[in-house]
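Just so we're on the same page: letters track the sequence lines, and every chain starts at 1.
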There are 2 protein chains.
Amino acid sequence: MLVVEDDVTVREVVVSYLRAAGHDVSEAPDGAAGLELMQRSPADLVVLDLMMPGIDGLEVCRRLRSGGDVPIVMLTALGGEQDRVVGLELGADDYVTKPFSPRELVLRVDSILRRTGRTSEEPALLTDGDLVVDAARHEAVLRGVVLPLTGREFDLLRHLVAHPGRAFSRDDLLREVWGWTVGDQSTVTVHVRRLREKVEADPTSPVRLVTVWGVGYRWETA
Amino acid sequence: MLVVEDDVTVREVVVSYLRAAGHDVSEAPDGAAGLELMQRSPADLVVLDLMMPGIDGLEVCRRLRSGGDVPIVMLTALGGEQDRVVGLELGADDYVTKPFSPRELVLRVDSILRRTGRTSEEPALLTDGDLVVDAARHEAVLRGVVLPLTGREFDLLRHLVAHPGRAFSRDDLLREVWGWTVGDQSTVTVHVRRLREKVEADPTSPVRLVTVWGVGYRWETA
DNA sequence: CCGCGCCGTCACGGCTTCGTAAGGGTTCGA
DNA sequence: TCGAACCCTTACGAAGCCGTGACGGCGCGG
């Protein structure tokens with residue numbers, strides 16, 4: 001994923017948020033650099049500022065379009081109705097008007113990746129022994145029985161099973177599952193407990209959703 | 001398929017997207033050229049800009065209508081409520097207001113082709129146990145009885161049955177069935193309810209058109 | 001011209017799920 | 001062994017989500 005934005009502050013914020021969301025992000029300070037980067041190593045999506053010195057966003061958009069059909073998210077100035085029109089006509093897949101919340105941008109980006117199916121993220125089907133986590137169906141099956149998970153529980157389980165053996169801090173999980181940057185850690189604690197209730201044979205002594213003392217939690221492969 | 005649009009940039013983007021979607025596309029820079037092309041080799045669908053120099057979209061639309069029943073998709077300017085009304089009155093099958101994303105336009109075009117049965121895309125016959133969805137006849141049969149579905153209900157059912165087991169969000173369905181990019185999610189909710197009324201043995205506890213809490217809906221294979 | 005059917009919207013009520021707080025238990029290091 | 005940090009458990013209010021019924025607009029056919 002490539003972020004092309006001249007304002008250093010904005011760029012850094014955007015990039016850090018996208019990285020926190022689990023994306024592999026490269027960045028460019030202007031249109032020329034962006035185009036060059038895209039030629040060397042094509043990205044799966046481009047976040048593009050409209051107003052930039054040198055080659056502006058529109059021109060970059062046009063050239064990217066002529067070279068392929070990579071999805072493009074435009075960053076446009078507030079009230080730039082005209083910009084927005086031109087941008088979309090040129091093939092931007094979505095636009096976000098400044099000022100925007102980074103969180104919103106991440107949402108849009110994820111949505112487009114999902115929509116265009118070019119996300120190289122986790123496979124739709126995760127398995128771990130007698131457990132199957134099916135992202136497409138939004139359903140988890142344990143020993144042939146469908147687990148009655150709530151939305152959050154499912155998200156949490158999927159994330160853990162997708163990275164077996166790795167220990168996550170509560171803050172990690174808040175950021176990567178909840179999408180929060182601030183929040184009460186006990187939220188995670190409680191959800192882990194509820195999840196254990198449904199996933200563990202004996203919830204009082206977990207063997208798969210293990211707690212890592214002083215750190216957080218880890219999914220243990222069966 | 002024919003695209004009539006005076007703005008070179010917009011035309012190129014639209015054409016390239018339609019071609020990428022597997023359509024055979026010819027193009028014309030103005031109304032006169034468009035009409036002439038249609039006479040020489042009639043297209044199965046016309047994408048038509050409303051505002052054009054010379055013979056404008058409305059006039060082209062009128063003349064096309066008098067010469068046959070080719071489906072027409074209008075491109076109208078932002079806020080052109082009046083244009084939209086006039087366009088539809090003249091027999092456009094759908095309209096897309098600028099700004100639009102090229103992907104959205106492709107969706108609309110495909111939707112219309114499917115609706116008017118002028119395309120041989122997805123399999124015409126879907127089956128799921130005692131249910132048969134016949135796209136060609138635009139008819140669904142359950143246990144040998146034809147379901148009295150409305151247009152939207154049929155579209156919705158076909159889309160769900162075509163992707164059994166997959167959970168769709170309301171936004172997904174608005175985009176993929178309605179062809180909208182924005183819209184009230186409750187629209188989907190209500191249509192699902194009405195569809196259940198006709199498809200489920202006990203609509204109060206659905207077993208085939210299942211709701212996925214916090215996400216959307218899913219079609220459960222029989 | 002009128003009636004009918006389809007569609008999109010809205011408001012309401014019930015229910016699920018969520019986040020937080022508080023208290024008790026457990027683990028670790030000294 | 002003891003204290004402190006950390007974790008588990010429980011309960012509860014609030015918010016969010018879904019289903020339902022009803023209404024008005026619009027197009028279509030009688």
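Positionally, the nearest nucleotide of DNA chain D for A:Q185 lies more toward the 5' end than for the other of A:Q185 and B:P206. A residue-by-residue look at B:H191 and A:P148 shows that B:H191 has its nearest nucleotide of DNA chain C further toward the 5' end.
Counting any heavy atom pair closer than 4.0 Å across all strands shown, A:G183 reaches no nucleic acid atom. Nucleic acid contact class of A:T187 (heavy atoms, under 4.0 Å, all strands): base. Residue A:G214 is in sugar-phosphate contact alone, with no base atom involved, counting any heavy-atom pair closer than 4.0 Å across all strands shown. Residue contacts for A:F154: at a heavy-atom cut-off of 4.0 Å it reaches no nucleic acid atom on any strand shown.
Whole-Å rounding puts the B:R152 CZ to D:dG27 C1' distance at 14 Å. One interatomic measurement links the two molecules: CG of A:D202 to P of D:dC8, which rounds to 14 Å at whole-angstrom precision. Following rounding to the nearest Å, B:L195 (CG) and C:dG8 (P) show an atom-to-atom distance of 14 Å. Whole-Å rounding puts the A:K198 NZ to C:dT16 P distance at 12 Å. Nucleotide D:dT9 holds its P atom 12 Å from the CG atom of A:L209, rounded to whole Å. Between B:E200 atom CD and D:dT20 atom P the separation is 11 Å, expressed in whole Å. Look at CG on A:L156: it is 15 Å from C1' on C:dT17, rounded to the nearest Å. Residue B:E153 contributes atom CD, which lies 13 Å from atom C1' of C:dG8 at whole-angstrom precision.
B:R196 places a side-chain N or O within 3.5 Å of a backbone atom of B:L209 that can act as its donor or acceptor partner.
Relative orientation of the A:H163 and A:F168 rings is perpendicular, given thresholds of 30° and 60° on the angle between their planes.
For B:R196 and D:dG19, a side-chain-to-base donor-acceptor distance below 3.5 Å is absent, hydrogens and geometry of angles not being considered. Contact of A:R194 with C:dG19 (side chain to base): a donor-acceptor pair of N or O atoms is detected under 3.5 Å.
Of the side-chain N and O atoms in B:Y217, none sit less than 4.0 angstrom from OP1 or OP2 of D:dC17. Dashed line: the shortest gap from a side-chain N or O of A:W178 to OP1 or OP2 of C:dG19 is under 4.0 Å. At the phosphate of C:dC7, OP1 or OP2 sits under 4.0 Å from a side-chain N or O atom of B:T150.
Residues B:E220 and A:R137 are paired through a salt bridge, judged by an N-O separation under 4.0 Å between the basic side chain and the carboxylate. Under 4.0 Å is where a charged nitrogen must lie from a carboxylate oxygen, and between A:D130 and A:R208 at least one such pair does.
Side-chain proximity of A:T211 to the nucleotides D:dC8, D:dT20, C:dT17 is greatest for D:dC8. When distances are taken from the side chain of B:R193 to each of D:dT20, D:dT10, D:dC18, the shortest belongs to D:dT20. When each of C:dG8, C:dA21, C:dC7 is scored by its nearest atom to the side-chain atoms of A:D184, the top-ranked nucleotide is C:dA21. Here C:dC10 is the nucleotide among D:dT9, C:dC10, C:dT17 with the atom lying nearest to any side-chain atom of B:V190. Nearest to the side-chain atoms of B:T189 among the listed nucleotides D:dG19, C:dG19, C:dA21 stands D:dG19. If you check C:dC28, C:dG8, D:dT9 against the side chain of A:W213, the one that comes closest is C:dC28. Side-chain atoms of B:R170 lie closest to D:dG19 of the nucleotides D:dC8, D:dG19, C:dC18.
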Could you walk me through whether A:D155 and A:W178 satisfy the side-chain hydrogen bond (donor to acceptor under 3.5 Å, both in side chains) test, starting with their C-alpha distance in whole Å, then the side-chain angles of each, then the deciding distance to 0.1 Å, before giving a yes or no?
CA-CA 8 Å; A:D155 291 343; A:W178 272 255; over 6 Å; no
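Shown here for A:K198 and A:P148, the closest heavy-atom pair between the two residues is NZ-O, 3.0 Å.
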